[in-house]
Number of protein chains: 2
Amino acid sequence: MSFSSTANQLPDDLLRLLPLTPAVFYTLFSLAEGDRHGYAIMQQARLLSSGSFRMGPGTLYSTIQRLMDFALIEETPEPAATQDPDSRRRYYRLTRNGRTLLEHDLRRMRSAVRLAHDLNLVPEN
Amino acid sequence: MSFSSTANQLPDDLLRLLPLTPAVFYTLFSLAEGDRHGYAIMQQARLLSSGSFRMGPGTLYSTIQRLMDFALIEETPEPAATQDPDSRRRYYRLTRNGRTLLEHDLRRMRSAVRLAHDLNLVPEN
DNA sequence: GCTGATATATCCGTAAGAGATATATCAGCC
DNA sequence: GGCTGATATATCTCTTACGGATATATCAGC
């Protein structure tokens with residue numbers, strides 16, 4: 001069993017983003033499932049967090065811009081599979097570094113959850 | 001098997017803190033293991049995050065003050081078990097609400113990690 | 001007494017977040 | 001066609017949280 005990235009090296013300025021803020025984490029996480037446009041990222045982030053994280057347009061588009069500046073995401077043409085194209089939509093996808101950074105943070109979270117479990121802080125299921 | 005808090009209700013102003021920022025999360029998490037003083041929280045946060053989160057004094061003490069204002073932590077007398085007492089130290093402990101809020105966020109993180117695993121985003125171990 | 005780690009505290013510049021507003025497009029309905 | 005409401009992006013500003021520097025003092029070891 002092999003995985004896409006193993007102990008991948010990231011430049012220091014990207015590692016300094018760890019731990020990811022909720023806005024950055026859920027934006028990258030949403031795009032890990034597939035390419036999306038901004039508004040869909042906002043909706044998916046809410047879904048992925050079971051409603052606990054609600055991103056407004058201010059946070060959404062400023063976060064997208066910041067992630068673009070760091071080359072963690074990039075704009076991509078409208079997917080061909082799109083049924084009902086909407087001319088307004090701008091689609092984004094994870095870059096290699098974006099995926100690697102997300103994986104870093106997920107390992108950090110998994111480690112925390114496991115420690116918490118040992119401390120009996122969260123129910124079994 | 002029973003747990004300390006099950007689906008505990010928290011006031012809206014506390015639920016609005018979710019998802020917790022890294023500084024708040026690791027501060028509460030450090031105190032979930034036992035009562036600590038400020039400087040020890042800082043060190044423990046670094047340990048618990050495997051070094052990825054380094055909290056400076058500015059963030060540390062402003063976070064402590066904020067958590068006190070929300071009554072998520074409270075000051076507590078020096079533990080009797082302390083071997084080498086240091087007059088400067090100020091100890092803190094989790095309140096009931098602090099623990100409940102931390103559990104909320106841990107469930108959110110666990111849910112994210114599980115989804116990520118299904119997407120093959122993190123290695124098995 | 002000197003040094004360096006420990007410990008708390010405060011200040012201030014910066015970055016991120018949150019909400020409001022604006023504008024336009026699209027779908028459904030009457 | 002015209003109305004409505006959800007969709008979609010964009011920008012602006014206020015506020016908050018973060019981060020680093022500085023300050024002061026205590027403690028342990030040499």
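The chains referred to below are lettered A, B, ... by the order of the sequence lines, with proteins before strands, and numbering in each begins at 1.
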* Asked: Does any non-hydrogen side-chain atom of F70(A) lie less than 4.5 Å from one of R66(A)?
  -> yes
* Asked: So what does A40(B) touch, heavy atoms closer than 4.0 Å: a base, only the sugar-phosphate, or nothing?
  -> nothing
* Asked: Does any non-hydrogen side-chain atom of R93(B) lie less than 4.5 Å from one of Y91(B)?
  -> no
* Could you give the CG-to-P distance, from D13(A) to dA15(C), as a whole number of Å? -> 14 Å
* Can you check the H37(A) NE2 to dT7(D) C1' distance for me, whole Å? -> 8 Å
* To do: Would you mind reading off the distance between Y91(A) atom OH and dT9(D) atom P, rounded to a whole angstrom?
  => 8 Å
* Where the side chain of A23(A) is defined as all heavy atoms beyond and including C-beta, which of dT7(D), dG17(C), dT26(D) is the nearest nucleotide? -> dG17(C)
* Asked: To the nearest angstrom, how far is R89(B) atom CZ from dT26(D) atom C1'?
  -> 11 Å
* To do: If dT21(C) has a Watson-Crick or G-U wobble mate with both distances under 3.5 Å, name it; if not, just say none.
  => dA10(D)
* Asked: Taking DNA chain D as the partner, which of residues 57-73 of chain B come within under 4.0 angstrom of it by heavy atom?
  -> P57(B), G58(B), T59(B), T63(B), R66(B)
* To do: Please report, rounded to the nearest Å, how far the P atom of dA17(D) is from the CG atom of L20(B).
  => 12 Å
* To do: Could you work out which one of dA8(D), dA10(D), dA7(C) sits closest to the side chain of R90(A)?
  => dA10(D)
* Got a donor-acceptor pair under 3.5 Å from the side chain of R88(A) to the base of dT9(D)? -> no
* **Worked verdict on R107(B) versus H104(B) for side chain to side chain contact (heavy atoms under 4.5 Å, CB included)** => CA-CA 5 Å; R107(B) 279 192 288 272; H104(B) 270 263; 3.8 Å; yes
* Quickly work out the L17(B) CG to dC18(D) C1' distance and round it to whole Å. => 16 Å
* To do: Decide yes or no for N97(A) and L101(A): does some side-chain heavy atom of the first lie under 4.5 Å from some side-chain heavy atom of the second?
  => no
* Between dG17(C) (P) and R54(A) (CZ): distance, integer Å -> 18 Å
* **Gap between atom CE of M68(B) and atom CD of E75(B) - 0.5 Å precision** => 5.5 Å
* Among dA10(D), dT8(C), dG17(C), the nucleotide that comes nearest once only the side chain of Y39(B) is considered -> dT8(C)
* When you get a sec, tell me which of dA7(C), dA18(C), dA8(D) is the closest nucleotide to the side chain of F53(A)? => dA18(C)
* Structure fact -> From CZ of R36(A) across to P of dT9(D) the rounded distance in Å is 13 Å
* Just wondering, do R108(B) and L18(B) contact through their side chains at under 4.5 Å, heavy atoms? -> no
* Asked: If we call it a pair only when both distances are under 3.5 Å in a Watson-Crick or G-U wobble match, what pairs with dC30(D)?
  -> dG1(C)
* Can you tell if the side chain of Y92(B) reaches within under 4.5 Å of the side chain of L67(B), non-hydrogen atoms only? -> no
